[in-house]
Amino acid sequence: MADPIVHMENITKHFGPVIALNGVSFDVKAGECHCLLGDNGAGKSTFIKTMSGVHKPTSGEIMFEGRKMNFASPRDAMEAGIATVYQDLAMIPLMSVTRNFWMGREPKKGFFIDFDKANSTTMSEMKKMGINLRSPDQAVGTLSGGERQTVAIARAVYFGAKVLILDEPTSALGVRQTSNVLATVDRVRKSGIGVVFITHNVRHAMAVGDRFTVLNRGKTLGTAARGEITPEELQDLMAGGQEMAQLEGSLGGTV
Amino acid sequence: MSDNGNGDGGALAAGGPDDERIKKTGGLRQWLIRPELGGIVGVIAVFIFFGVLAGDSGMFNAQGIMNWSQISAQFMIIAVGACMLMVAGEFDLSVGSMIGFAGISIAMFGVVWGWPMWVAILITFAICMGVGAINGVIVVRTGLPSFIVTLAFLFILRGFTIFIPQTVENRTIIGGIEEAAEGDWLAAVFNTDLAGWLFRWLADIGVVDTFSRGTRAGEPVISGIPMLIVWAFVLVIIGHVVLTRTRFGNWIFAVGGDAQAARYVGVPVDRVKIIMFMTTAFCATVFACVQVFEFGSAAADRGILKEFEAIIAVVIGGALLTGGYGSVVGAALGALIFGVVQQGLFFADVESSLFRVFLGVILLFAVILNTYIRRIITGER
Ligand SMILES: Nc1ncnc2c1ncn2[C@@H]1O[C@H](COP(=O)(O)OP(=O)(O)OP(=O)(O)O)[C@@H](O)[C@H]1O
Ligand SMILES: [Mg+2]
């Protein structure tokens with residue numbers, strides 16, 4: 001099997017007295033979607049923030065394409081090819097789709113932004129992701145949640161991400177928008193990018209995941225490949241086993 | 001799970017120009033949400049108003065036009081800085097004090113201490129932009145609202161502006177600048193009238209009046225286009241182009257729209273904000289230079305309340321107080337409205353204190369209109 005693009009070994013992260021991560025190992029390979037599951041507060045966001053250079057791990061190693069890396073800033077990680085779509089998206093609602101898409105890397109023609117190129121590329125990249133924009137001047141604030149996710153994903157892919165991290169991209173979305181985002185994830189994976197997909201929805205994970213890692217209270221409970229684990233087992237793992245099975249019984253299997 | 005897929009998922013599914021979920025709104029709405037709309041409407045309104053009220057008072061002959069153009073140009077110079085800073089999500093309340101401070105600084109170096117005027121001007125620009133940078137550094141390092149930080153500098157600068165000439169010269173008004181600036185190349189950049197030939201020609205064909213008495217009898221009453229107006233136009237054009245056409249302009253919008261999001265994608269947020277504070281200081285210093293060389297003196301009480309006038313012009317011009325949205329051209333229109341109304345009331349012989357009433361009322365209207373426009377753009381409900 002192919003070598004992982006990113007390999008995180010035994011990562012710990014302390015915030016003062018809080019132990020957010022307590023020895024987490026994780027890797028992602030090209031063309032796979034590795035789902036990171038866990039309940040609220042399990043440490044998922046903290047973990048991917050160490051991967052994307054926002055936090056420095058207290059201890060542990062980050063290997064990128066076989067080399068040990070020490071990201072000083074999100075910028076470093078981005079340059080290496082790790083793109084992150086955060087829970088809060090990093091989009092500026094008052095600005096147009098084009099301006100958001102190119103933010104920080106605006107194409108230039110002499111002194112000025114090359115708006116012809118910027119607009120047409122934005123339109124065509126969005127089309128590849130299955131979204132027909134009304135106009136590239138449309139403010140991001142007028143897009144739906146799913147559309148915004150897709151702009152953020154399209155942006156990362158266009159700028160040559162090797163690893164794409166998505167922090168709960170589907171948590172605020174309705175049914176149809178969720179399936180659109182999942183379809184986008186599938187498309188991105190097939191293009192050879194390694195996707196880290198964070199969710200606490202087992203069904204969403206099952207829909208696109210190749211491997212599944214469950215985090216609980218800052219620790220990995222194990223990694224399983226697709227087909228090795230059932231959705232029920234995954235659900236139990238996330239909730240810490242036992243109680244969930246009982247709860248599920250009393251709710252009649254509706255969770 | 002909350003279902004928010006009910007109202008706004010249209011373009012995702014079908015998309016394209018034929019999407020049944022998109023109302024046909026056409027160009028009108030596009031035009032309505034431009035930030036300059038309020039300014040354009042306002043300009044038309046004040047011209048009609050004073051055209052009727054003061055049409056035959058001389059407000060619209062060559063001299064009258066030159067009069068309110070100069071006042072407007074003054075407002076424009078400080079509005080450009082205030083606008084770009086507000087788009088970047090910050091305020092500068094120290095602009096007025098900075099104007100007084102810069103004027104005194106030029107007079108101290110250039111007159112009292114007798115340095116060449118161009119040196120005095122350059123030093124003053126350096127000091128003032130340095131103070132702007134300090135404002136900016138404090139704001140980005142402490143995360144305090146710029147409202148508070150620059151309020152502190154409003155007092156600090158004004159204090160020094162009075163203290164320094166009072167201690168050194170025992171007075172707070174310093175004259176003699178005209179003589180000291182005689183023949184100075186840099187002073188001329190702030191105080192020359194351009195295209196005098198044009199106005200002599202206009203006087204010859206009778207469009208512009210000539211002086212009938214005094215030492216300048218026979219010369220046209222307007223000797224040329226003052227550098228003040230040139231500065232205003234140049235700053236507005238540069239500001240507009242930088243903001244709308246360049247990468248740096250994109251970052252200014254981003255920093256004011258959502259600093260954290262901008263940071264995530266690698267925009268140097270702190271640097272952008274500090275540069276904007278320095279730009280505001282630059283504009284205030286330009287204002288001070290023009291004023292000092294026109295009056296031939298500097299006084300410690302110059303520039304009072306200018307910061308608010310700049311902010312109001314910017315808001316009339318469609319910028320959001322919350323940052324991330326605005327237009328330099330809009331701000332310039334706001335400044336034009338200011339100049340026309342202030343001088344129009346004078347020409348129409350209306351009590352000038354009513355100007356303040358007008359300011360308050362138009363500020364309220366502008367803010368309400370802008371909030372409404374914001375909802376349209378962002379689709380907030
Ligand atoms: N900057 C911080 N300072 C202190 N504690 C923090 C910080 N960031 C996270 N934590 C703590 O670390 C733990 C893990 O948080 P994290 O945001 O990673 O959870 P999560 O798995 O992403 O949860 P969710 O599903 O709600 O997004 C929490 O207990 C949180 O309070
Ligand atoms: Mg999280």
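Lettering of chains follows the sequences in order, A, B, ..., and the numbering in each one begins at 1.
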Taking everything shown except B/R271 itself, do over 12 heavy atoms lie less than 6.0 Å from its CZ?
-> no
Excluding sequence neighbours, so at least two apart, what forms side chain to side chain donor-acceptor pair (under 3.5 Å) with B/T285?
-> none
Of all heavy-atom pairs linking B/R247 and A/K108, the shortest is NH2-CG, 3.8 Å
A/F112, part contacting chain B, at a heavy-atom distance under 4.5 Å = both
Winner by heavy-atom pair count (cut-off under 4.5 Å) against chain B, out of A/T84, A/I113, A/N100, A/V54 = A/I113
Heavy-atom pairs under 4.5 Å with chain A are the metric here; pick the option from B/G257, B/A262, B/A254 that has the most.
-> B/A254
In terms of heavy-atom contacts, A/M91 and B/D258 come closest through O-OD2, 4.1 Å
Hey, is NZ on A/K56 packed in by over 12 heavy atoms from elsewhere, all under 6.0 Å?
-> yes
Any chance you could measure B/F253, atom CZ, to A/I92, atom CD1, to the nearest 0.5 Å?
-> 11.0 Å
What are the two closest non-hydrogen atoms of B/T244 and A/F115, and how far apart are they?
-> O-CE1, 3.5 Å
Side-chain heavy-atom pair A/E106, B/T246 within 4.5 angstrom cut-off = no
Assess whether atom CZ of B/F147 is packed by more than 12 heavy atoms of other residues, nucleotides or ligands within 6.0 Å.
-> no
With side-chain contact (heavy atoms from CB on, under 4.5 Å) as the test, would you mind laying out the steps for B/L320 and A/L94 before giving the verdict?
-> CA-CA 11 Å; B/L320 291 176; A/L94 281 163; 4.0 Å; yes
Of all heavy-atom pairs linking A/R99 and B/N250, the shortest is NH1-OD1, 2.7 Å
Could you tell me which portion of A/M103 (side chain, backbone, both or neither) has an atom closer than 4.5 angstrom to a non-hydrogen atom of chain B?
-> both
